[in-house]
Amino acid sequence: MSRIPNDTPPHRAGLLDRRWFLKSGLRWSAVAAAAPALALADDALPTTRSPGQPFSNYGQPSPQENRTIRWISANRAVTGNGVSWTPLHDLEGIITPSGLHFERHHNGVPQIDASQHRLAIHGLVKQPLGFSIEHLLRYPMQSRICFVECGGNSNSSWNAEPLQTRAGYLHGLASNSEWTGVPLKLLLDEAGVDPEAEWLVLEAADAIAMNVSLPLAKARHDCLLALYQNGERLRPENGYPLRLIVPGWEGVLNVKWLSRIELAREPVMSRNETGRYTELQPNGRARQFTFVMDVKSLITSPSPGQSLPERGLYPIKGLAWSGHGRIRKVEVSADGGKTWRSAELQGPVLPTSFTRFRIPWVWDGRPAVLQSRATDETGRVQPTRAALVAERGRAGYFHYHAIVSWQVDEDGELHHVYA
Ligand SMILES: Nc1nc2c(c(=O)[nH]1)N[C@H]1C(S)=C(S)[C@@H](COP(=O)(O)O)O[C@H]1N2
Ligand SMILES: [Mo]
């Protein structure tokens, strides 16, 4: 600690300018008490001299990391209806491991025999088509790294009091994967879409035959019929053997276990686009078909449930994403929004994908409020909570994307606050 000069120049509540940091000669090793001078004698370094474990057919995380798990909250009254949350606070980089991708099931995970599964395309088309999975696997494919986020993600933040739990269990109905599959446009072109068609009605093979409507223009633009997730075939809970990926749009459109696509003039007005995933505004009108997920960010570390053991230098890191395109900028504040400093965006910075940001911060041992504020390439800026609540009213439930605040106490503990 003594090595950090008190007059640290570009000082915004301890947030350090990256170029200044590099030039200052300040070293991470000099400011972390946890990095003592290392004894370099060979016998002082830990090694294993006994033979290792045998090979395995499918790798698992280290047993020492067994607390990095999804948190499950289910509506016990309705079997299989609920969610599991990605532990964003325990992860690094931008890819969510497949086994930790969040889940939203309306009626559990169907056990589908891939060899029996079919996809039908019909309705306002010249030639109705049917596909087996085997058939689809022979089509040209594309890969795309993008997030899936539930429209209900972060909805506890509409509550009057801030919920105290881990960052991922507040905001982790969002995950980011590399999805590989057949561009939907290709199959639509083969079926020959009637000029009168403007919507797709998507239907799944799960017990509730979940269905929802998607505008044709988006379907043609960038949607994927995904067969692979992070290089391997989809996980059952994420839609095996076939799901739709609708980059940047509300999770509910990313229909899992997809079995039917009907081309239509009008949306089908299903439960999931009328009774659910729409909401009443203060002016009495309802928001419906609010497809695009707005610009958003949060600090994943330090975050509630973690603590700072001592004063000193810490990396602040987090995730930002926007359904409108790429992230252009993430600013961080350590004084509850009075002053801001731009964080470094760690590449790759991809459209409709998680983007990792970082900034070094010197904690002086006093209470602090950490926040991040993202701006996307369309110029949209993440709002304050007060501004979002004023706009949407207390009946807000979906599409919460306001600035997130973590308070650091004098003892180094963190908790969730509204600032
Ligand atoms: N067939 C089917 N598709 C579905 C759902 C579902 O319950 N059944 N849930 C939807 C919702 S609301 C969301 S947010 C995403 C979640 O995808 P994931 O479980 O792979 O994270 O899937 C969507 N697709
Ligand atoms: Mo969702």
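Scope of the values below: all heavy atoms of this structure, side chains included, with no hydrogens, waters or symmetry mates. Residue numbers run from 1 in the order of the sequence given. Whatever order the structure lists ligands and atoms in, that order sets their numbers, starting from 1.
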Tell me, please, which residues at least two apart from S154 pass side chain to side chain donor-acceptor pair (under 3.5 Å).
-> H171, K296

Residues lining ligand 1 [heavy-atom distance under 4.0 Å, listed by chain and residue number] |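 Residues H101, F102, E103, R104, H105, H106, C150, A204, D206, M210, E237, N238, R243, G251, V252, N254, V255, K256, W257, Y277 each place a heavy atom under 4.0 Å from ligand 1, listed by chain and number.
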
Distance only, no hydrogens: is a donor on one side chain within 3.5 Å (strictly under) of an acceptor on the other, for N176 and T96?
->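 Side chains of N176 and T96: no pair found under 3.5 Å.
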
Taking 4.0 angstrom as the limit, do [X] and [Y] come out as a salt bridge?
| X | Y | value |
| --- | --- | --- |
| E237 | K256 | no |
| E344 | R358 | no |
| E198 | R265 | no |
| E377 | R380 | no |

